[in-house]
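Written below as structure tokens is the structure these notes are about.
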Amino acid sequence: QVQLVESGGGLVQAGDSLRLSCAASGRIFEFYTMGWFRQAPGKEREFVATIDRSGNRIFYADSVKARFTISRDNAKNMAYLQMNSLRPEDTAVYYCASDSRVWPFDQYNYWGQGTQVTVSS
């Protein structure tokens with residue numbers, strides 16, 4: 001069984017920063033690829049960023065490139081999303097996801113429950 005627990009969300013003002021964390025537990029090989037997604041009210045869930053176990057393969061959605069940074073600490077089974085220069089349009093529930101496969105693939109196997117990020121203007 002794999003469990004992903006996100007934390008670090010909150011209410012901030014435009015231009016502020018937040019750091020989301022994702023704590024993973026279970027079978028380590030299932031954390032090979034980790035990613036962040038988000039879902040805004042009334043919209044479909046969208047890809048934000050992904051990172052492989054080595055940290056050498058990192059990809060971002062164009063909407064967050066140069067503002068967000070994904071990272072991981074394999075020793076702690078943690079993944080992070082540093083979000084800078086936040087905008088109101090970044091408001092969403094942010095989800096952590098993991099999979100044993102090498103990205104890209106269609107659907108991550110494991111998902112967290114999400115953490116709310118609200119950016120006021």
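Quick note: numbers below take in every heavy atom, side chains included, and nothing from hydrogens, waters or symmetry partners.
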First locate atom [atom1] of [X], then atom [atom2] of [Y], and finally report the distance between them rounded to the nearest 0.5 Å.
{"X": "Arg101", "Y": "Asn109", "atom1": "CZ", "atom2": "CG", "answer": "5.0 Å"}
{"X": "Gln39", "Y": "Gln116", "atom1": "CD", "atom2": "CD", "answer": "10.5 Å"}
{"X": "Leu86", "Y": "Ser120", "atom1": "CG", "atom2": "OG", "answer": "10.5 Å"}
{"X": "Arg72", "Y": "Ser98", "atom1": "CZ", "atom2": "OG", "answer": "8.5 Å"}
{"X": "Leu4", "Y": "Phe31", "atom1": "CG", "atom2": "CZ", "answer": "6.5 Å"}
{"X": "Ser25", "Y": "Glu30", "atom1": "OG", "atom2": "CD", "answer": "12.0 Å"}

Taking all non-hydrogen atoms of both residues, which atom of [X] and which atom of [Y] are closest, and how far apart?
{"X": "Ala14", "Y": "Ser121", "answer": "CB-CA, 4.4 Å"}
{"X": "Trp36", "Y": "Ala79", "answer": "CZ2-O, 4.0 Å"}
{"X": "Ser85", "Y": "Arg67", "answer": "O-NH1, 3.0 Å"}
{"X": "Arg38", "Y": "Ser63", "answer": "NH2-OG, 3.5 Å"}

State plainly whether one hydrophobic cluster holds both [X] and [Y], where clusters connect Ile, Leu, Val, Met, Phe, Trp and Tyr through side-chain heavy atoms under 4.5 angstrom apart.
{"X": "Phe105", "Y": "Phe37", "result": "yes"}
{"X": "Ile70", "Y": "Val64", "result": "yes"}
{"X": "Val93", "Y": "Tyr108", "result": "yes"}

Within the distance-only criterion (no hydrogens, no angle test), does the side chain of [X] pair as donor or acceptor with the backbone N or O of [Y] below 3.5 angstrom?
{"X": "Gln113", "Y": "Glu6", "result": "no"}
{"X": "Thr91", "Y": "Val119", "result": "yes"}
{"X": "Arg57", "Y": "Trp103", "result": "yes"}
{"X": "Asp99", "Y": "Thr33", "result": "no"}

**Message:** If you define the side chain from C-beta out and look only at heavy atoms, does anything of Met83 sit under 4.5 Å from Val117?
**Reply:**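 A side-chain contact exists here, since the closest heavy-atom pair is under 4.5 Å.
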**Prompt:** Centroid-to-centroid, Phe59 to Phe47, below 6.0 Å?
**Reply:** no
**Asked** How would you list, by chain and number, every residue that makes a side-chain hydrogen bond (donor to acceptor under 3.5 Å, both in side chains) with Ser21, sequence neighbours excluded?
**Response**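 Once residues adjacent in sequence are excluded, Ser21 has no partner under the side-chain hydrogen bond (donor to acceptor under 3.5 Å, both in side chains) criterion.
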**Asked** Could Asp62 and Lys65 be called an ion pair, given the rule that one side-chain N must be under 4.0 Å from one carboxylate O?
**Response**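 Yes.
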**Request:** Can you tell me which residue pairs pass the disulfide bond (SG atoms under 2.5 Å apart) test with a partner in residues 15-110, sequence neighbours excluded?
**Result:**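 Of all non-adjacent pairs touching residues 15-110, those that pass disulfide bond (SG atoms under 2.5 Å apart) are Cys22-Cys96.
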**Request:** Assign the ring pair Phe68 / Tyr94 to parallel, tilted or perpendicular, where the plane angle (0 to 90°) is split at 30° and 60°.
**Result:** tilted
